[in-house]
Protein chains: 2
Amino acid sequence: MPKYAANDLSRSVEDYLKVIYHLTESGESASTTAIADVLDLAAPSVSGMIKRLAEAGLAEHQPYKGVTLTKDGRHAALRMLRRHRVIETYLVSHLGYTWDNVHDEAEKLEHAVSEDLVERLSRALGDPRFDPHGDPIPAADGQIVDVSTTPLPDIPVGESVTISRVDTGSAERLRWLAGAGLVPGVRITMLDHQPFNGPVTVSLNGARRVVGRELAEQLLCTRPE
Amino acid sequence: MPKYAANDLSRSVEDYLKVIYHLTESGESASTTAIADVLDLAAPSVSGMIKRLAEAGLAEHQPYKGVTLTKDGRHAALRMLRRHRVIETYLVSHLGYTWDNVHDEAEKLEHAVSEDLVERLSRALGDPRFDPHGDPIPAADGQIVDVSTTPLPDIPVGESVTISRVDTGSAERLRWLAGAGLVPGVRITMLDHQPFNGPVTVSLNGARRVVGRELAEQLLCTRPE
DNA sequence: CTTTAGACTTAGCTATGCCTAAATACGCCG
DNA sequence: CGGCGTATTTAGGCATAGCTAAGTCTAAAG
């Protein structure tokens, strides 16, 4: 018999679940310190919350080894992710926000919107599958598509690719990228790699763009065929 | 020098301020029990919060006599009222909500939206001055229009008036009224009063509507000239 | 003028979620 | 293998905001 999904988690719990979800996406478990860093909290506060999450059946904790989400916890985290990304998309396409300033607003709203409102927002948008940063929006049932992408610096010279995802939360970087036209959906061709972690040069619509290595790593591309 | 408006009140504080604002609109001070009833809290909890509100300079408390808002408190309450009504209006006109089901959603969102978002919503609506229930929306600076209205049962037979405001939060009543076409902006003519607090009969667009006294009291009308 | 019901406040407890300080475990380096 | 630094947990507090139980004030009725 499935447990009733606890649908009334506190704001804090929701935030922890989201962070743990992100930290464990690559398979490893999330450490206390890593969580504390992201949420800007003291480590003991995180220790305490991890215990509560485990008791609530949302997370599994191996003391001193880290924490992972249970099925319930992952489900709740995906619900938050859906909310966040639907809200961001709506704010950008219907209320004049730009992709560099939606994050904070969505961060607050995602804890306040009802299931119903999220679905209305999604429908008003035509049930988009990606948000303005190219991040996939989980479906209402928690399904999330897994697009295989390659960081821009790993693209060989001469190859043409499509930018599919921009993996930074930095408003400054997002603004610069938007100004340079380097946004999801755009087709670019790799022209040059400089060695020793130097910049890469790409062309888009005939124009040249030089992008520093660190930023280029955050431009995730889909390769042809 | 004006005090900086405390812009980071807790959800609870915001709720208390709203309730005290409503209870004191008619000039009297709000009693502990009245506040407790509306918020569905125990009286001692309210006593405690009133003390905190007074310490924060948001309310004035005469022990055993009731509480009123200070200028700061009233300002914060009006800010919440603006948020609530702008959100309700947006949900109805852009997201397919009906006037009987927006309240709960707005109640949660009003604590989460930023000043910026409220102004964007308002602009997207053309800066409306009334919400779907006909309640005036305070301006961003706290100005609120005071429309003088008359409860429907006080309209003499034969007079034609416009429904300007529907003063009930009951979803059932709102649904019935919408079905009967008795919504703000509609012009009706008083046909009959039954005695002993009996129902009133009105015509709208040639149709007759019989409305019980209690409900009719909640239909606030503007009279000609 | 007293009594008394009901409104209001005080006292003291609970839960959440944060903190600092102190204790303890892990794992690496010599 | 032992020690040491870092990560982690435990212990003990604090603030907010709720609760019940008990005491106190007000005002109306006798």
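A, B, ... follow the sequence lines: proteins, then strands. Residue 1 opens every chain. Source: prediction; values computed, not measured.
Applying the side chain to side chain donor-acceptor pair (under 3.5 Å) criterion to B:Tyr16, with sequence neighbours excluded, gives no partner residue.
Atoms CZ (B:Arg11) and P (D:dG18) sit 11 Å apart, rounded to a whole Å. To the nearest angstrom, C1' of D:dT6 lies 13 Å from CG of A:Asp37. We find that CG of B:Leu17 is positioned 11 Å from P of D:dA17, with the value rounded to whole Å. The interatomic distance linking A:Met49 (CE) with D:dT9 (C1') rounds to 16 Å, in whole Å. Nucleotide D:dC25 holds its P atom 17 Å from the CD atom of B:Gln62, rounded to whole Å. A:Ile50 has its CD1 atom 12 Å from the P atom of C:dC18, to the nearest Å. Atom NZ in B:Lys51 sits roughly 15 Å away from atom C1' in D:dT16 (whole-Å rounding). Rounded to whole Å, atom C1' of C:dT16 lies 13 Å from atom CG of A:Leu53.
The side chain of A:Leu41 sits closest to C:dC19 out of C:dC19, C:dT9, D:dT10. Side chain of B:Tyr16, nearest nucleotide from D:dG18, C:dT9, C:dG17: D:dG18. The side chain of B:Pro63 sits closest to C:dT9 out of C:dT10, C:dT9, C:dT20. Minimum atom distance to the side chain of B:His61 is reached by C:dT9, of the listed C:dT10, C:dT9, D:dT9. With C:dC19, C:dG17, C:dT9 as the choices, the nucleotide that has an atom nearest any side-chain atom of B:Ser47 turns out to be C:dT9. Considering only the side chain of A:Tyr64, C:dA25 comes nearest among C:dA25, C:dG17, D:dT10. Checking D:dA17, C:dT20, C:dA11 against every side-chain atom of A:Pro44, the shortest atom distance belongs to C:dT20.
Between A:Arg52 and C:dT16 there is no side-chain polar atom (N or O) within less than 4.0 angstrom of OP1 or OP2. Side-chain nitrogen and oxygen atoms of A:Ser31 include none within less than 4.0 Å of the OP1 or OP2 phosphate oxygen of D:dA7.
Within 4.0 Å of A:Ser45, counting heavy atoms only, lies at least one base atom of the nucleic acid. If you check every strand for non-hydrogen atoms under 4.0 Å, B:Thr32 touches sugar and phosphate atoms only. Using a 4.0 Å heavy-atom cutoff across all strands shown, A:Ser12 reaches sugar-phosphate atoms only and no base atom.
Heavy-atom nearest nucleotides on DNA chain C were determined for A:Lys65 and for A:Ala42, and the one closer to the 5' end corresponds to A:Ala42.
In this pair, B:Trp99 and B:His133 present their aromatic rings parallel. The plane angle is below 30°, not in the 30 to 60° band.
Here the two rings, on B:His94 and A:His94, have centers that are 6.0 Å apart or farther.
With A:Arg165 as the fixed residue, the side chain to side chain donor-acceptor pair (under 3.5 Å) test singles out one of A:Asp135, A:Thr149, A:Thr222: A:Asp135.
At most 12 heavy atoms of other shown residues, nucleotides or ligands fall within 6.0 angstrom of atom CZ in A:Arg129. Under a cut-off of 6.0 angstrom, the local environment of CD in B:Gln143 is sparse, with at most 12 non-hydrogen atoms contributed by other residues, nucleotides or ligands.
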